[in-house]
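A quick write-up on the structure given underneath.
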Amino acid sequence: ATLLPHVLEPGNPVELHGLKITPLRLLHGRLPILGYRFDHLDPPPGRSILPLAWCTDVSGIPPETLAELEGVQTLFLDMLRHRHHPTHLTVDQAIEVATQIGATKTWFVHMAHEISHEEVDASLPEGMHLAWDGLRLKEGAGGP
C-alpha cells in the first residue's frame with residue numbers, strides 16, 4: 001500500500017474513499033484541535049448515518065464550526081463527567097452543544113470512569129445516548 005500525505009486545515013475538505021472529509025476547528029482548553037465531518041460524495045438512496053461528525057477531546061466549539069455542523073445526521077461528541085474540566089465538556093455542556101447541533105442521533109464518547117453508563121444514558125434527551133466499546137452503526141438504518 002502507498003501512503004499519501006495530506007495536510008489538513010480547518011474548513012478545507014479532502015476527498016477519500018467516496019467521502020468528503022472536512023476538518024473542523026475545535027478547542028481542547030485553549031489548544032486548537034481538529035474534529036471531522038464526513039459526507040458522502042455520492043449519497044446512496046435511503047437513510048444514512050452521514051453526514052457524521054466526530055468531535056472528541058473538546059471543551060468548546062467556535063461559532064464558525066457550529067455552522068459547519070448544520071445538517072449532521074450522526075454526531076459523536078465528548079462528554080467527560082458531571083464536574084467541570086478545563087479541556088472537556090461536562091454532561092450538561094455536552095447536552096447543550098448536542099441540542100444546538102441538532103443531529104438526528106448523538107453518541108457521547110470519552111466518558112470518565114465516574115459516569116454511571118446506565119443512569120446517565122437513561123437521563124439523556126431523545127436521540128442522545130452514551131456510546132460503548134464495540135458500538136457499530138449500520139448504514140441505511142440510521143443507527144445500531
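Residue indices begin at 1 and follow the sequence shown. The structure presented is a predicted model; accordingly, all values stated were derived computationally and were not measured.
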Testing the basics here: between T90 and H84, what is the closest heavy-atom pair and its distance to 0.1 Å?
CG2-CA, 3.7 Å
I need the minimum non-hydrogen distance between P13 and P23, along with the two atoms involved.
CA-CD, 4.2 Å
D57 versus T87: any side-chain heavy-atom pair under 4.5 Å?
no
Atom CZ of R25 and atom CD of E9: how far apart are they, to the nearest 0.5 Å?
9.5 Å
Do L137 and W107 make a side-chain contact, defined as non-hydrogen atoms from C-beta onward lying under 4.5 Å apart?
yes
Considering only Ile, Leu, Val, Met, Phe, Trp and Tyr, and joining two whenever side-chain heavy atoms are under 4.5 Å apart, list the other residues clustered with L80.
none
L135 CG to H129 NE2 distance, which is reported to the nearest 0.5 Å
10.5 Å
Work out which heavy atom in P51 is nearest to a heavy atom in G71; give both atom names and the distance.
CG-O, 3.6 Å
Evaluate the side-chain proximity of Q73 to S48: yes if any heavy-atom separation is below 4.5 Å, no if none is.
no
From L16 CG over to L41 CG, what is the distance, rounded to the nearest 0.5 angstrom?
9.5 Å
Residue pairs passing the salt bridge (charged side-chain N to carboxylate O under 4.0 Å, His left out) test where at least one lies in residues 27-46, sequence neighbours excluded:
R37-D39
Take a 6.0 Å sphere around CD of Q100 and say whether it holds more than 12 heavy atoms from other residues, nucleotides or ligands.
yes
Spacing of OG1 belonging to T74 relative to CD1 belonging to I49, to within rounding of 0.5 Å:
5.5 Å
For L77, the hydrophobic cluster (side chain heavy atoms closer than 4.5 Å, chained through members) also holds L24, L26, L31, I33, V58, I61, L66, L69, V72, L75, M79, L89, V91, I95, V97, I101, F108, M111, I115, V120, L124, M128, L130
pair E114-R83: side-chain heavy atoms closer than 4.5 Å
yes
In the single-linkage hydrophobic clustering (I, L, V, M, F, W, Y; side-chain heavy atoms under 4.5 Å), do L27 and Y36 co-cluster?
no
Parallel, tilted or perpendicular, as decided by the 30° and 60° cut-offs, for the rings of H117 and W132:
perpendicular
For residues W54 and F76, establish whether the separation of their ring centroids is below 6.0 Å.
yes
Test applied, side-chain hydrogen bond (donor to acceptor under 3.5 Å, both in side chains); reference residue, D78; option that passes from H28, H88, H85, Q93
H88
